[in-house]
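Take a look at the structure below.
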2 protein chains.
Amino acid sequence: MTKAFCNPHRLEIMDLLAQGEKTVEVIAAEISASVANASQHLQVLKQAHLVTTRKQAHHIYYDLANADVFNTWYTLRSLSIRQMPQVKEVIRDFRHERDSLEAVSVDELYQRLHSDEVVLLDVRPTEEYQRGHIPHAISIPLEQWDSLLATLPRHKQIIAYCRGPFCVYSDEAVVQLKRKGYHAVRLEEGFPDWKKRGLPVAR
Amino acid sequence: MTKAFCNPHRLEIMDLLAQGEKTVEVIAAEISASVANASQHLQVLKQAHLVTTRKQAHHIYYDLANADVFNTWYTLRSLSIRQMPQVKEVIRDFRHERDSLEAVSVDELYQRLHSDEVVLLDVRPTEEYQRGHIPHAISIPLEQWDSLLATLPRHKQIIAYCRGPFCVYSDEAVVQLKRKGYHAVRLEEGFPDWKKRGLPVAR
DNA sequence: CAATTGTTCTATGAATCTGTTGAATAATTG
DNA sequence: CAATTATTCAACAGATTCATAGAACAATTG
């Protein structure tokens with residue numbers, strides 16, 4: 001079973017499926033691999049009982065098998081962040097390069113969630129937002145940034161979140177917002193982390 | 001980091017180190033590998049920051065890096081037992097083959113620990129017993145079975161425990177005890193599992 | 001029922017991982 | 001300071017894993 005966890009693409013797939021079920025085609029596109037290749041990796045995960053499939057019309061939806069699998073993957077990811085200096089460095093260097101060093105933790109966000117001084121942005125694809133999001137978050141998917149970013153209130157702090165610590169959507173959002181003069185920061189973790197803590201989820 | 005978890009020998013090493021630090025030589029013997037081979041695997045684990053080393057006189061002691069690593073390894077092992085039908089089957093078949101189907105859980109043991117009707121045996125090597133054991137347990141290491149098993153009270157139930165669900169020491173103890181007419185069962189899990197639950201540990 | 005679409009399979013060569021062997025390296029002990 | 005001991009290194013061959021390309025398959029839709 002550990003062998004199934006042993007490949008970068010497969011880890012990326014699990015990270016992705018933590019947002020909800022997806023088809024082979026979508027997964028392949030997200031991890032920048034061919035459909036055949038993505039399919040092969042999914043077969044490995046399936047044989048390790050880490051993912052399940054659901055057929056609907058023309059598509060096969062893959063999803064994490066259950067909450068146990070999610071928690072194990074999460075534990076593994078947390079350990080790598082805490083234990084491996086390299087991982088921390090990569091994240092830090094990437095952020096630094098983009099002038100978006102500041103990051104708010106889930107705890108901080110939870111405290112400020114009901115404050116009127118904060119606007120919370122969900123910058124994941126619409127579909128993932130609809131499947132569940134942090135309460136009061138506004139959905140601003142990638143494709144609509146240009147039109148929607150301008151509509152945000154100037155005087156409030158903006159917090160952007162996305163899939164998790166390894167996802168760059170919110171980093172990119174923060175960079176763009178800062179360029180336009182907003183006071184923006186990213187949420188250090190992502191939606192799955194929020195959900196895992198048992199914090200309220202809106203739909 | 002997940003690659004370090006990816007090899008049967010290395011998993012066995014982590015299972016072993018969960019009992020406490022050990023030298024390369026001892027580890028090699030326990031996993032039935034050459035010293036050079038064991039050393040190589042330990043290097044992999046070390047580079048993944050999963051184990052640490054301590055030098056003392058002629059020996060180098062390897063140990064799990066910290067409680068986080070232990071917990072992650074434990075989570076991974078638990079998932080495999082719950083998720084993979086093969087793992088459960090192997091355990092069940094092995095026990096069945098040896099007429100030692102019965103097994104007591106940590107919870108059951110905890111409740112019965114103070115009862116006068118139960119004798120608790122730690123069948124791990126003496127050294128591991130000394131490093132920490134379940135309260136009231138008697139140390140009966142492999143080498144001393146022949147002489148010590150006969151000294152046990154006939155009318156009490158005997159519970160044997162060892163390193164964990166994949167360790168066969170307690171299975172063998174149960175078989176031998178049953179042969180001699182005792183009412184013996186094994187603890188389903190092992191000492192690390194007991195410790196992880198935060199239950200009291202004696203020294 | 002034929003066409004289309006989405007997914008899986010098969011074969012291939014390149015890359016990586018493993019265990020073995022024997023030598024090299026430390027560091028302690030006599 | 002030489003001998004011994006414990007551990008690591010280096011080089012090799014065999015096994016496994018990987019991505020690619022193209023064919024095969026299954027199931028829905030027109």
Side-chain angles (χ1 to χ4, degrees), chain A residues 1-17 20-65 73 76 80 84 86 125 127, chain B residues 1-17 20-65 73 76 80 84 86 125 127:
Chain A
M1 196 198 69
T2 55
K3 286 198 180 181
F5 277 105
C6 244
N7 174 283
H9 273 322
R10 291 200 287 271
L11 287 177
E12 212 180 338
I13 289 174
M14 306 205 57
D15 202 42
L16 193 62
L17 294 183
E21 58 173 15
K22 302 230 184 292
T23 67
V24 179
E25 235 184 348
V26 170
I27 293 166
E30 290 274 4
I31 68 170
S32 310
S34 69
V35 172
N37 191 203
S39 173
Q40 276 175 328
H41 284 304
L42 287 165
Q43 294 308 308
V44 174
L45 290 171
K46 194 178 176 185
Q47 274 159 35
H49 301 274
L50 297 176
V51 303
T52 51
T53 55
R54 181 177 75 83
K55 224 177 261 189
Q56 190 189 17
H58 261 302
H59 295 274
I60 294 178
Y61 286 87
Y62 279 84
D63 202 356
L64 297 186
W73 163 82
L76 221 36
S80 78
M84 305 282 286
Q86 299 108 310
E127 192 217 327
Chain B
M1 196 199 67
T2 56
K3 289 199 177 179
F5 278 103
C6 245
N7 174 283
H9 273 321
R10 290 201 287 272
L11 288 177
E12 212 180 337
I13 290 175
M14 306 203 59
D15 203 41
L16 194 62
L17 294 183
E21 56 173 15
K22 302 230 183 294
T23 67
V24 180
E25 235 182 349
V26 171
I27 294 165
E30 290 275 2
I31 68 171
S32 311
S34 69
V35 172
N37 191 206
S39 174
Q40 278 174 328
H41 284 305
L42 286 165
Q43 295 306 309
V44 174
L45 290 172
K46 194 178 176 186
Q47 275 159 35
H49 301 273
L50 296 176
V51 303
T52 52
T53 57
R54 182 176 76 83
K55 223 176 262 187
Q56 191 190 17
H58 260 303
H59 296 275
I60 294 177
Y61 287 87
Y62 278 85
D63 200 355
L64 297 187
W73 163 81
L76 220 37
S80 79
M84 305 282 285
Q86 299 109 309
E127 190 217 328

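Chain letters run A, B, ... following the sequence lines, proteins first and then strands; every chain starts at 1.
Every residue was checked against the ring pair (Phe, Tyr, Trp, His ring centres under 6.0 Å) condition with His59(A), not counting sequence neighbours, and none meets it. Residues passing the side-chain contact (heavy atoms from CB on, under 4.5 Å) test with Leu76(B) are Met1(A), Thr2(A), Phe5(A), Thr72(A), Leu76(A), Phe5(B), sequence neighbours excluded. Partners of Glu127(B) by side chain to side chain donor-acceptor pair (under 3.5 Å), not counting sequence neighbours, listed by chain and number: Arg131(B).
Between Leu16(B) and Glu30(B) the shortest heavy-atom distance is CD2-CB, 3.5 Å.
Spacing between atom OH of Tyr61(B) and atom C1' of dA6(D) amounts to 12 Å, rounded to whole angstrom units. Rounding to whole angstrom units, CD1 of residue Ile60(A) and P of dT5(C) are separated by 17 Å. Between the C1' atom of dA6(D) and the NE2 atom of His59(B) lies a distance of 7 Å, rounded to the nearest Å. Atom NE2 of His9(A) is separated from atom P of dT17(D) by 17 Å (rounded to the nearest Å). Rounding to whole angstrom units, CG of residue Leu11(A) and P of dC18(D) are separated by 11 Å. Whole-Å rounding puts the Lys22(A) NZ to dG6(C) P distance at 17 Å.
Atoms CD1 and CD, on Ile60(A) and Glu21(A) in that order, are 12.0 Å from each other to the nearest 0.5 Å. Once rounded to the nearest 0.5 Å, the distance linking CG of Asp15(A) with CH2 of Trp73(A) reads 4.0 Å. Separation of atoms NZ (Lys3(A)) and CG (Asn7(B)) is listed at 7.0 Å; rounding is to 0.5 Å. Residue Asn37(A) holds its CG atom at 9.5 Å from CG of Leu42(A), rounded to the nearest 0.5 Å.
Side-chain contact between Met14(B) and Leu45(B) is present, with heavy atoms from C-beta onward closer than 4.5 Å. The side-chain heavy atoms of Ile27(A) and His41(A), taken from C-beta on, include no pair separated by under 4.5 Å. Contact annotation: the side chain of Gln86(B) approaches that of His49(A) to within less than 4.5 Å [non-hydrogen atoms, C-beta and beyond].
Within a heavy-atom distance below 4.0 Å of DNA chain C, the residues of residues 35-50 of chain B found are Ala36(B), Asn37(B), Gln40(B), His41(B).
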Annotated protein contacts, base or backbone, on nucleotides 23-30 of chain D with a non-hydrogen cut-off under 4.0 Å, one of B, S, - each: ----BB--
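For dT8(C), the OP1/OP2 oxygens have a side-chain nitrogen or oxygen of Tyr62(A) closer than 4.0 Å.
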Return the polar atom pairs (N/O with N/O) between nucleotides 13-17 of chain C and the protein under 3.5 Å, or none.
| residue | atom | partner | partner atom | Å |
| --- | --- | --- | --- | --- |
| dC17(C) | OP1 | Lys3(B) | NZ | 3.4 |

